[in-house]
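Chain naming here is simple, since letters A, B, ... match the order of the sequence lines and numbering starts at 1 in each. The figures here come from the full heavy-atom set of this structure, side chains too, leaving out hydrogens, waters and symmetry mates.
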Number of protein chains: 2
Amino acid sequence: MTASGSTGTALVDALKARLGEAYVLTAASDLEGHVTESRGLYRGEALAAVRPRDRDEVAFVLRECAKAGVPVVPHGGNTGLVGGGVPFGGVVLSLTRLDRIREVDPVNATITVEAGCILKAVQDAASDAGYLFPLSLASEGSCRIGGNLATNAGGTAVLRYGNMRDLTLGLEVVLADGRVWDGLRGLRKDNTGYDLKDLFIGSEGTLGIITAAVLKLFPKPHARVTAFIGCASPHDALKVFQRLREAAGDQLTAFEYIPEFGLEIVLKHWAGAVRPLAEKHNSYALIELSSPQKDADLRSQLEAVLGEAFEEGLVQDAVLGSSEAQSQALWNLRESLSEVQGREGGSIKHDVAVPVSRVAEFIDVATKACEAEMPGVRVCAFGHFGDGNIHFNLSQPVGMDKREYLAQWGRFNRVVHDIVHGMNGSISAEHGIGLIKRDELALYKDAVALDLMRSLKRTLDPQNILNPGKVVSIGENVPMAFPKAG
Amino acid sequence: MTASGSTGTALVDALKARLGEAYVLTAASDLEGHVTESRGLYRGEALAAVRPRDRDEVAFVLRECAKAGVPVVPHGGNTGLVGGGVPFGGVVLSLTRLDRIREVDPVNATITVEAGCILKAVQDAASDAGYLFPLSLASEGSCRIGGNLATNAGGTAVLRYGNMRDLTLGLEVVLADGRVWDGLRGLRKDNTGYDLKDLFIGSEGTLGIITAAVLKLFPKPHARVTAFIGCASPHDALKVFQRLREAAGDQLTAFEYIPEFGLEIVLKHWAGAVRPLAEKHNSYALIELSSPQKDADLRSQLEAVLGEAFEEGLVQDAVLGSSEAQSQALWNLRESLSEVQGREGGSIKHDVAVPVSRVAEFIDVATKACEAEMPGVRVCAFGHFGDGNIHFNLSQPVGMDKREYLAQWGRFNRVVHDIVHGMNGSISAEHGIGLIKRDELALYKDAVALDLMRSLKRTLDPQNILNPGKVVSIGENVPMAFPKAG
């Protein structure tokens, strides 16, 4: 829905008067970065992109847009992977100028930050205060806290520290009508009524605009050890995971899975990557133990568990990173994986989760099903094994036309998501729903849950102006088919 | 609101026909335990108390009550401390027959339990499977999981493991109209839409009836060390807490605060209690470190931090529990504190939280304010110091009439809660709101938050039949003044 001409002009004028001309962009060239998204899957359109400087200006924008009945699509770093930030008319509300670190409270172990702070800047501010802010993901240099909150971001540290929801104590939110809810409290315990905070976290800008948050900090790890193991199957890897969790508890801070195909394409495309083990194995895991205790003997602990697993044949080979450089080299193998897939042609992606007890079974069953669906397809199932979260990506058969392959996206979604659903899993573990999975969600989500979601949306955004058409459709003024980018 | 005669009779008949006569109680003697509560502060009334055997029967009860417009007040163990389970007419829905442990999944580290399971039974089932279910509170032998969920229970393990919300992955909920939301998933990551689960957790039965949950399990601790320290002030205790957290991270599993007055009344009233340190100190802390790692040298870690703090005068004296029996004796000093307060006459209670950075300041300021308010009042401020959660209780002046003293409850609430509010704190850290704090909440909670709560209540319970009048008043058919028990 786009505001009709005169309404739009009046709105833009009102916004310019309050925010200043420089912060209300309407030229096509200025809007370009606000109507496209990171994967190039969609191209939207917008009346204007506005850049308020603080919470009160955000509230002003919301009040004006509510009065005019014009949609508002919030933007942080615009690094999302599900088209959640694509506008179809209306105003793009960029939070990038709200980038202040408002407070670091070292004794409370909290940091209060504005939505526009880049994740890396928050990590750095925590570090400067002697603490760890653990959220870590590939786009941390450009994604922003508001987007991390709106999508309940995950990443590589969830196993030990939880996702963005778990890391958040308080929020400041501007509602659809421009009222401000000040829930910026840094309390570990607060049972005074309904949990409003978690309603906004993960709602992808459809229920309110988060402008600031109080986040948890943790003691910095002072000891760390990394290992890379080769196993005969994901089932063996799962047994090793279980033993490590039992022995090391929360000292186990990563257990990331990489298949042989994944390692192969990293070695092929990533300059300087070296095969870490002498032989090839079916499955690999990157393991990290860490502790705030300076003299924690993590190496002995890890060697003891892996040694025993080796004796029993669960681990076929292993290497321990014995220096910071070696550890980093092992991590690079995992972290370059997302990028190198693009060099192997089309990649059809799934971001799924199953109970950890079924993650190996899921990899097996879904791999066979996809290989049967299209002979030659190359399964690259990798990721946060210890969370049950697998990026089940499918590289195209060698030599196939990329466009023709990508046209099969929906067909593979059906195969993979049916299996996930049958295992009581999730079709979006950490990326969210946005546009790309909205109609897919409607297929798999419990009907009562969908109905509750729609009720909540109607209650908090009765005009349907907050990022309309994303996450869940409530049937009014929502474009049902979204244009894909040319 | 009570259903008028004929509606009530027809409803009771319908419930008897489905649940069986034996499970629909209407005799005054049978209802007695369902219309009173643990502190004896309120006496309510009920048309009937029903005991469905499973989720489908719960759904039936809700459908029938919704049709008849009759309120439903859910009961677990009825151990709550805020009058949340007091019925004012309508049907008490007891969940005690839903007491099955549905599944233990050791690899996923989850347990699926019904709402009527006693907390201790869940702890035991976890332990039998080789795991820890960490929620621990004084009433664990009689409180039930449904109540723990409805009140987002806290307790002594929150510092390390979080509260009930943090321990919950999935829920099954019967809605106000009898529909069932099946959200019983055991996933570590699931970003498919709004977070419905956390809306019901902590809502004290006012938004839906929780019938089952998937809960997280943890590796059992295999090493443990306990210490009892004496400090010159809560400020010194806070500095010790901070150092321990930094050095030991999540191995720090308890940091409980006890003032000298608290220790005195324990020694006076608790058979076998022995003063653990040679001298008296202003403030004490019970400290526990634990680890799943069998050979973790927690004792050296603890001695190192405490030794350094002793050198600097932050710790005046300390004793380490060098056996399981000694540790238990130290814990008993803390755990008997709630009970012995009753032996010192009237006790006016506050369950508050502030940011951890202000907990020592809070104890100081609030103590002085209360002593100024009523000379001779004896402050017993104790509890979960590491969470910023203090049970700021006030024992009556010696010799004062108990009834006369307790009549000052509201006056002291104002003094204490004003201070808490000024520190951006919570007037109910872990006990909830129920009846006793409902009107108090309306004084202190952000107006926008209260309005959001009312909107959510109206959306999820449009007839206002789910535990009406608790937590937040929405103005319809709600008794505004509640009778106190005789």
- Message: For A/N163, which atoms come within 4.5 Å of any heavy atom of chain B: side chain, backbone, both, or neither?
- Response: side chain

- Message: For residues 443-454 of chain B, which residue pairs pass the salt bridge (charged side-chain N to carboxylate O under 4.0 Å, His left out) check, not counting sequence neighbours?
- Response: A/R179-B/D451

- Under 4.5 Å from any heavy atom of chain B - which part of A/E440: neither

- Please walk me through it: do A/R160 and B/D250 pass salt bridge (charged side-chain N to carboxylate O under 4.0 Å, His left out)? CA-CA 11 Å; A/R160 163 63 183 84; B/D250 265 358; 3.2 Å; yes

- Message: Just so I understand: if I count every heavy-atom pair under 4.5 Å between each of B/G432, B/P355, B/P219 and chain A, which residue has the most?
- Response: B/P355

- Sequence-distant partners of B/H235, ring-ring contact (aromatic ring centres under 6.0 Å, His included), two or more places apart: none

- A/P292 portion near chain B, given a 4.5 angstrom heavy-atom threshold: both

- Task: Kindly say whether B/N152 contributes a backbone atom to a donor-acceptor pair with the side chain of A/N191 at under 3.5 angstrom?
- Result: yes

- Heavy-atom distance under 4.5 Å to chain B: side chain of A/A248, backbone, both or neither? backbone

- Sub-4.5 Å side-chain heavy-atom contact between B/Y444 and A/T192: no

- Message: If I measure from the heavy atoms of chain B, does A/S291 come under 4.5 Å with its side chain, its backbone, both, or neither?
- Response: neither

- Task: Mind ranking A/D166, A/L175, A/I201 by heavy-atom pairs under 4.5 Å with chain B and telling me who comes out on top?
- Result: A/L175

- Tell me, for A/Y131 versus chain B, whether the close heavy atoms (under 4.5 Å) come from the side chain, the backbone, both or neither. side chain

- Message: Rounded at 0.5 Å granularity, tell me how far CG in B/L199 sits from CG in A/L452.
- Response: 8.5 Å

- Which atoms of B/H384 come close to chain A, meaning under 4.5 Å heavy atom to heavy atom: side chain ones, backbone ones, both, or neither? side chain

- Query: So, do A/L184 and B/N424 sit near enough that their side-chain heavy atoms are less than 4.5 Å apart?
  - Reply: no

- Working to the nearest 0.5 Å, report the span between CG of B/N389 and CG of A/L187. 10.0 Å

- Could you state the interatomic distance from CD (B/Q251) to CD (A/Q293), rounded to the nearest 0.5 Å? 5.5 Å

- Of the listed B/L441, B/L450, B/D297, B/V471, the one with the largest count of heavy-atom pairs under 4.5 Å with chain A is B/L441

- Query: Taking B/R245 for the side chain and A/V107 for the main chain, is one N or O donor matched with an acceptor at less than 3.5 Å?
  - Reply: yes

- Query: Any side-chain heavy atom of A/V158 within less than 4.5 Å of one from B/K189?
  - Reply: yes

- Query: With only heavy atoms counted, which part of A/A247 is less than 4.5 Å from chain B, the side chain, the backbone, both or neither?
  - Reply: backbone

- Please look at A/L169 and chain B and tell me whether the side chain, the backbone, both or neither of the residue comes under 4.5 angstrom of a heavy atom of that chain. neither

- So what's closer than 4.5 Å to chain B heavy atoms on A/I427: side chain, backbone, both or neither? both

- Message: Less than 4.5 Å to any heavy atom of chain A: does that hold for the side chain of B/T110, its backbone, both, or neither?
- Response: neither

- Query: Under a 4.5 Å heavy-atom cut-off, does chain B meet the side chain of A/L460, its backbone, both or neither?
  - Reply: side chain

- Turns out that what part of A/V180 lies under 4.5 Å from chain B's heavy atoms comes down to backbone

- Message: Using a 4.5 angstrom heavy-atom cutoff, name the option from A/L207, A/V356, A/V448, A/N108 with the most pairs to chain B.
- Response: A/N108

- Contacting region of A/R165 [heavy-atom separation from chain B under 4.5 Å]: side chain

- Item | B/D198 portion near chain A, given a 4.5 angstrom heavy-atom threshold | both

- Against chain B, work out which of A/P221, A/S455, A/G249, A/G425 has the most heavy-atom pairs shorter than 4.5 Å and name it. A/G425

- Item | Leading residue by heavy atom contact count with chain B [cutoff under 4.5 Å; candidates A/Q242, A/R185, A/E246, A/R188] | A/R185

- Does A/D190 use its side chain to pair, donor to acceptor, with the backbone of B/A353 at less than 3.5 Å? no

- Query: chain B heavy atoms under 4.5 Å from A/K457: which part of the residue, side chain, backbone, both or neither?
  - Reply: both

